Amino acid sequence: MISVEHLQVSVGGFAIQDISFEVPTGHYAVLMGRTGAGKTTLLEALCGLKPVTGGKIRLNDRDVTRLKPAERGIGYVPQDRALFQTMTVREHLAFALVIRKAEQSVIHQRVADLSRLLGIESLLERRPHGLSGGEAQRVALGRALSVRPGILCLDEPLNALDDDTRQEMYKLLGEVRRSTGVTILHVTHNREEAEQLADRILVLRDGKMVGQKG
Amino acid sequence: MSRDVSPPTAPPNRRSDWPFFSGLAILSSVYLLLIVALLAADLSFTTPHHLLRALASPEIQYSIKLSLISCTLTTLLSLWIAVPTGYLMSRYRFPGKQLMDAILDIPIVLPPLVIGLSLLILFQTPIGRVIQRFVPVTYAIPSVILAQFTVACAFAVRTMLVTFDQISPRCEQVALTLGCNRSQAFWRVALPEARRGMLTAATLAWARALGEFGPILIFSGATRMRTEVLPTTVFLELSIGNIEAAVAVSLIMIVAALAVLTIARVFGLRAPLERVL
């Protein structure tokens with residue numbers, strides 16, 4: 001569950017002001033708003049990448065407002081995917097488990113499970129250079145899901161994908177949600193995405209929450 | 001109601017573009033020709049016999065050996081400082097950052113002789129004398145490495161700063177959410193992505209160190225078989241009128257510099273090199 005209470009974030013001249021909302025466990029929330037509304041800033045504040053000036057963030061009944069990003073249990077897929085150019089797809093999926101010093105057999109099994117779920121088994125030895133937009137998105141998603149986070153934050157994940165790939169990604173995100181039970185917060189300005197995926201829609205304008213539906 | 005039936009306006013200028021392109025080609029060729037002429041003149045001035053005789057000289061052999069060792073040590077030291085400094089300057093905002101940025105440029109803009117003189121004076125201060133009590137620096141081999149390092153490191157820092165500027169910090173942010181602390185994000189994500197920039201910084205530092213003369217002349221002296229590096233050899237051979245040997249040693253340096261430049265162009269990042277140079 002994501003619970004945000006009176007959140008305030010200040011970045012340069014822009015500020016998120018007094019935002020409160022909840023996303024129940026296992027739900028799929030879509031955060032909408034125009035460019036510059038503060039969607040990415042809010043997402044980064046949830047992930048611990050932007051300092052919070054006021055309010056509280058609770059994730060799965062745990063106050064994480066002052067915790068480091070590593071301690072929050074969030075899987076994060078940024079807008080540009082930010083794949084590690086020197087690593088193979090296999091190394092991406094294993095990265096967080098290697099950091100946690102997981103056993104080789106556990107890492108091997110998790111990489112196999114994730115690559116099957118995301119349909120990227122044939123890409124495991126490839127590096128990001130040369131992957132298509134859809135393939136790169138699946139890798140970024142797999143990397144974020146590798147340690148079974150309770151929360152998944154997706155920043156405009158379907159941007160710049162063609163219609164067919166977008167339809168495939170709708171199905172895949174639905175499948176990920178069903179099979180993992182993860183709570184998802186998905187940022188977009190695309191109404192179709194929201195209608196296809198969301199069971200809760202949050203609307204942000206000029207750093208303020210102006211609507212919640214569902 | 002009258003209609004405008006005048007013919008379409010003619011293009012404002014029908015002149016050909018070739019004078020423009022010719023001008024660009026001629027002006028850039030002048031400098032290119034100068035560089036090629038310099039190298040050709042050096043080549044025409046020496047023979048394989050001169051080159052072999054120069055290579056057989058114990059003084060020149062010592063000079064080559066000291067140059068290779070000191071340049072390699074300087075490169076390692078420069079990278080050791082340049083990587084963290086470049087990362088710090090690229091990723092973080094802190095009080096005094098602009099001042100630090102300006103100070104880091106000083107070795108690049110200072111005349112080489114002034115750097116040598118300043119190093120000499122530094123090691124005459126009380127702190128410098130204490131250091132010299134344990135490690136003799138002035139007019140000894142450590143002074144050669146320190147003089148090279150002072151200049152070469154500034155270029156390595158600039159290269160690493162540009163390198164890290166070109167790498168999106170987003171990857172490190174994702175690494176933080178995946179369980180890394182700042183140090184792990186640096187070692188596991190940022191540094192591997194910066195490896196080509198590191199190679200460029202290393203080759204640039206090595207090439208700068210190889211060509212360093214002014215600071216070494218003042219700070220280390222020009223003593224044969226002691227603090228003599230390749231530029232010192234050229235200077236000493238010229239001073240006794242042995243132009244053939246001076247040119248032969250110059251050719252060795254040209255070949256080394258070209259080899260390093262080729263490595264940087266083929267394996268390193270071009271952008272940092274171009275921006276720093």
Side-chain angles (χ1 to χ4, degrees), chain A residues 11-12 40 43-51 59 64 67-88 91-102 127-129 136 139-156, chain B residues 79 82-84 86-88 90-95 97-98 159-203 263-264 266-273:
Chain A
V11 184
T40 297
L43 211 63
E44 288 179 345
L46 286 182
C47 293
L49 300 170
K50 285 271 188 292
L59 301 176
V64 301
L67 292 186
K68 290 180 176 176
E71 298 165 329
R72 298 192 177 205
I74 291 183
Y76 173 47
V77 178
Q79 197 173 347
D80 58 2
R81 293 144 196 157
L83 296 181
F84 307 142
Q85 296 303 314
T86 57
M87 295 185 198
T88 61
E91 287 166 333
H92 275 85
L93 301 185
F95 184 83
L97 295 159
V98 171
I99 292 293
R100 285 164 174 75
K101 296 189 169 74
R127 289 181 200 280
H129 182 73
V139 176
L141 201 54
R143 179 181 60 182
L145 287 168
S146 59
V147 283
R148 298 186 171 85
I151 315 289
L152 185 61
C153 288
L154 310 173
D155 194 355
E156 306 204 16
Chain B
L79 274 186
V83 171
Y87 188 72
L88 177 75
S90 172
R91 288 292 187 268
Y92 299 103
R93 276 194 247 167
F94 51 88
K97 183 177 172 178
Q98 283 195 327
T159 310
M160 290 317 301
L161 174 59
V162 175
T163 298
F164 285 119
D165 278 348
Q166 288 186 332
I167 299 171
S168 165
R170 189 69 77 187
C171 287
E172 290 143 72
Q173 291 178 345
V174 170
L176 294 179
T177 66
L178 290 170
C180 286
N181 55 34
R182 293 270 175 196
S183 167
Q184 286 172 316
F186 170 76
W187 286 104
R188 288 177 179 270
V189 176
L191 203 59
E193 302 233 349
R195 68 195 193 286
R196 295 181 73 197
M198 282 173 68
L199 182 67
T200 306
T203 47
I263 291 171
V266 174
F267 299 107
L269 285 175
R270 285 188 67 166
L273 187 71

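So you know, we letter chains A, B, ... as the sequences are listed, proteins then strands, and number each from 1. Note: hydrogens, waters and symmetry copies are ignored here, and every other heavy atom, side chains too, is used. Just so it is clear, the structure is predicted and the values come from calculations on it, not from any experiment.
We find the CG-CZ distance between A:Asp80 and B:Arg170 to be 5.5 Å, quoted to the nearest 0.5 Å. In this structure, B:Leu178 CG and A:Ser146 OG are separated by 6.0 Å, a value rounded to the nearest 0.5 Å. Here CG of B:Asn181 is found 10.5 Å from CD of A:Glu71. Values are rounded to the nearest 0.5 Å.
Shown here are the side chain to side chain donor-acceptor pair (under 3.5 Å) partners of B:Arg188, two or more places apart in sequence or in another chain: there are none.
For A:Leu97, no part sits under 4.5 Å from any heavy atom of chain B, backbone or side chain. The contact between A:Ile74 and chain B is made entirely by backbone atoms, counting heavy-atom distances below 4.5 Å. Using a 4.5 Å cut-off between heavy atoms, A:Gln79 does not touch chain B at all. For B:Gln184, the part lying under 4.5 angstrom from a heavy atom of chain A is the side chain only. With a threshold of 4.5 angstrom between heavy atoms, B:Thr177 approaches chain A through its backbone and through its side chain. Only the side chain of A:Arg100 has a heavy atom closer than 4.5 Å to any heavy atom of chain B. Heavy-atom distances place both the backbone and the side chain of A:Phe84 under 4.5 Å from chain B.
Judged purely by atom type and a 3.5 angstrom limit, A:Gln85 has no side-chain atom pairing as donor or acceptor with the backbone of B:Glu193.
Counted within 6.0 Å of NZ on B:Lys97, heavy atoms from surrounding residues, nucleotides or ligands total more than 12; the atom is thus considered enclosed.
Shown here for B:Cys180 and A:Ala70, the closest heavy-atom pair between the two residues is O-CB, 3.8 Å. The nearest pair of heavy atoms linking A:Ala82 to B:Cys171 is O-SG, 3.5 Å.
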